[in-house]
Amino acid sequence: MIQDYYIIDFSYDVEDNKPLIYIWCVDKEGNRVVVLEKNFRPYFYAVLDDNPDIEKITDEIKKLSTPASPITNIDQLERKYYGNPVKVLRIETIIPAYIRIYRDQVSKIKGIKEVVEADIRFYMRYSIDKNLKPFTWFKADVEEIPNEKFRVKKVYELKNILETYEDKPPDLKIMAFDIEVFNKYGSPNPRRDPVIIIGVWTDEGEKQFITDDDDLKTIREFSNFVLNHDPDIILGYNSNRFDWPYLLERTKLRNVKLDIGRKINSEPTQGTYGHYSIVGRLNVDLFGFAMSIEEVKVKSLDNIADYLGILPKTQRVNLEWYQIPEYWTDDKKRKILLQYNLDDVKSTYLLKDAFLPFGEQITTITGLPLDQLSMASVGYRVEWLLMREAFFYNEIIPNRVEREYESYKGGLVIPPKPGIHEKVYVLDFSSMYPSIMIKYNIGPDTLVKGECDNCWVAPEVGHKFRKSPDGFYKTILQKLVEERKEVKSKLKEVENEYERRRLDERQRALKIMANAFYGYMGWLGARWYSKEGAEAVTAWGRETISEVAKLVQSEGFEVIYGDTDSVFITAKDESKINNIVKEIIDKFGLDIKIDKEYEKIFFTENKKRYAGITKEGKIDIVGFEAIRGDWCDLAKNIQKDVIVKVLTSSIDDAVKLVRETIMKLRRREFNIEDLVIWKSLDKDINEYNVDAPHVNAAKKAMKAGYAIFKGGKIGYIVVKGNGKISQRAEPYFMVKDKSRIDIDYYIDRQIVPSTLRILEQFGITENTLKNTGINIMDFFNKK
DNA sequence: TATGACCGGGG
DNA sequence: GTGTACGGTCATA
């Protein structure tokens, strides 16, 4: 029979000594089904030398065949390798794991130059070859077979794929979850500390499973809920590195399986680094998507949800993790802890609106399933797209090669003019690098070494790229650009709100993929790496931006800063700004736009660091490092406050604020919590060779009988005494007496540096800040 | 100035 | 599972 299926995910098993691919799907009626492919076989290519004795080579390969997984086929084929025609042998076997064994043996045979495409995951190979992508549909001839071991409505055996296409997706069931565990001091240890709360949130509402005496019961209730609700997508935040390993360790301890997949008797298994895969469902860790939000420095769930306007911090319960035992033990406070868990799981659920429509589009472009996509770096996303395209164009996928790092010159940074500026416009080339790659046909396959009559020659570096025919990168980039144009023009016609959102995410995803090509080309791990290509892109980029700077200056604007593909300018005559934008577009053939307008902005002498207030009154802070996790709260907060004062009030006010804070510190008017510096412990404490403060603090905690394990955080406070700072770091919970705290450390190493980073260029010195008037003599001496 | 160790998020 | 992140900062040689 012929039916249509929407693909969610792939997986595979070896059964009866044959590989079996599972295509997890939803059918047109909304049934969850699995389609089984029994006939696909793993293979790889051997690239042949120029004048090969094919018969002899084939014989030698045949000799390698073993009964456990015989070599079933050797075909001679024509392929392209970096655009050049080559002869290859396609070597097919039965069991995927044998590819590894045969590739090593075959590569040693004389007459074979190289073995390629032997390092591609089996089901991804299948999805590439059959052009099946998650979140798209396919029409196929299938036969229903008995369902013995799957938690789906129907099971089909695939006979023949008739077509693949994109269409409106079915409604997918989405569930978010979040666990809380009990641990007093140190880090939670799954061998000891129970899970106390598991919160879930679905479109049907929320639910919490709360531990009474045995958390195994809680986990069972949770896994029953998963089986009953049967979600297609399970969302978590950092779940691949915390929740899943924790739950699995807790159940393993009791010899119980966490059997929640769509294949009966399967557990979440650890796939590629850190990723847990749940058979038949998409286990998506949203932290992976949050990583790409550069505007938020500390990517905690509450920060991300607050930034995206999903759940403002003012409307939720804010607890620090170390307060959890206290709120769990105290009956009156427990309600607050339960609400905290609900707020977290609700945020996680709602983040789907921010991330999933975009992820869905990246998946349909690259073919990378959503669960892997969330963990995959930009490089892998680009690479999956390139690998699909390579198959389409009969291009060989190059092997991964270990490479030595070679630095090359990057984008041009026009040094900032330190100080405060008013009425600043930011002109930004939105897609400078991909445009350059297309314009000059850049890539490893178009690079010409030696003489070339018909080549583009890069400025400064002199690399040459043939003008025609189009290279691999140019071909695919143009496809992306073309499709984006189509999507954008469709967007103008469509009125349906849902369709509009989908198209808008699509055009955004296409743009982001295109912009990632340059970074990919210069990434050491890239299969299509080209140092010369990356070097040429930045060289043409530098040329462009410096010419743009010259042009705007000649028109009477002042350039106060520039970085790679943007220039910051002040305009005396605002009416001319739109004309200059038009002029640049005409002259360079590249799209530039007014990206931002700052009412006020200030630069330090450092590149890539500034803060400004926009026309809309929003404060942007870029590059200042105290917005990081490893500074104490007091230092982080005061840096923010100083920036706000500088932008909205005056330098004097900012200085006053710092002085007041220092005075309060000296008078011991502070909360100890605000002085705690948190660091993570990624190793067992005795594995550390370094004498770092957090390591010493952890050792002291252990000596005092507290359990400290790897994977957790240690908060420390620096106390008075002799010796190095690292030796004077003590676990925060062992410091009860404020008078023991080394106030000078906090002034000199936290408050002063974080605020001086901004105030320095306004002529403020360390002495100005520390001269708090507490010592009258000091005050007069300074005068 | 280069190299290597460390860290993020989660409780 | 035909596999093994990345990019930034800090300490140390």
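So that the names make sense, note that chain A is the first sequence line, chain B the second, and so on, each numbered from 1.
- No engagement by Tyr126(A) is indicated, since no non-hydrogen atom pair under 4.0 Å with the nucleic acid exists.
- When the P atom of dG7(C) is taken as reference, atom CH2 of Trp523(A) falls 9 Å away, rounded to whole Å.
- The side chain of Asp178(A) has dG10(B) as its nearest neighbour among dG9(B), dT2(C), dG10(B).
- Spacing between dC7(B) and dA5(C) at atom C1', rounded to whole Å, works out to 13 Å.
- In this structure, Ser377(A) reaches the dC6(C) phosphate: one of its side-chain N or O atoms is under 4.0 Å from OP1 or OP2.
- Here dG1(C) presents its P atom at 14 Å from CZ of Phe122(A), a figure rounded to the nearest Å.
- Spacing between dC6(C) and dG1(C) at atom P, rounded to whole Å, works out to 15 Å.
- Salt-bridge annotation for Glu15(A) and Lys38(A): absent, with no side-chain N of the basic residue lying under 4.0 Å from a carboxylate O of the acidic one.
- Between dG10(B) and Trp321(A), no contact under 4.0 Å exists linking OP1 or OP2 to a side-chain N or O.
- Counting to the nearest Å, the C1' atom of dA5(C) and the CZ atom of Phe287(A) are 11 Å from each other.
- We find that CZ of Phe40(A) is positioned 11 Å from C1' of dT2(C), with the value rounded to whole Å.
- Using modelled atom types and a 3.5 Å distance limit, the side chains of Trp24(A) and Ser11(A) yield a donor-acceptor pair.
- A close approach under 4.0 Å does occur between a side-chain nitrogen or oxygen of Tyr380(A) and OP1 or OP2 of dT4(C).
- In terms of position along DNA chain B, the nucleotide closest to Met291(A) lies nearer the 5' end than the nucleotide closest to the other residue of the pair Met291(A) and Phe242(A).
- Among the atoms of the strands shown, none is found under 4.0 Å from any heavy atom of Arg41(A).
- dG9(B) atom P lies 9 Å from atom CG of Asn238(A), rounded to whole Å.
- Look at Arg103(A) and you'll find a side-chain N or O under 4.0 angstrom from OP1 or OP2 of dG3(C).
- As judged by a 4.0 angstrom heavy-atom cut-off over every strand, Ile324(A) is placed among residues touching the sugar-phosphate backbone only.
- Atom-to-atom, CZ of Phe289(A) to C1' of dA5(C) comes out at 15 Å; the value is rounded to the nearest Å.
- Using a 4.0 Å heavy-atom criterion, one finds that Tyr43(A) contacts the bases of the nucleic acid, with or without backbone contacts as well.
- At whole-Å resolution of the value, CD1 in Ile91(A) and P in dT2(C) are 17 Å apart.
- Judged purely by atom type and a 3.5 angstrom limit, Asp243(A) uses its side chain to pair as donor or acceptor with the backbone of Ile179(A).
- A salt bridge is absent between Arg79(A) and Glu395(A): the closest approach of a Lys/Arg side-chain nitrogen to an acidic carboxylate oxygen does not fall below 4.0 angstrom.
- Atom CD1 in Ile128(A) sits about 13 Å away from atom P in dT2(C), given to the nearest Å.
- Residue-level contact check: Asn399(A) touches neither bases nor backbone, having no heavy atom under 4.0 Å from any strand.
- No side-chain donor from either of Thr329(A) and Arg334(A) sits under 3.5 Å from a side-chain acceptor of the other.
- Side chain to side chain, Asn303(A) and Ser300(A) meet the donor-acceptor criterion of an N or O pair below 3.5 Å.
- Within the structure, every side-chain polar atom (N or O) of Arg121(A) is placed at least 4.0 Å from both OP1 and OP2 of dT4(C).
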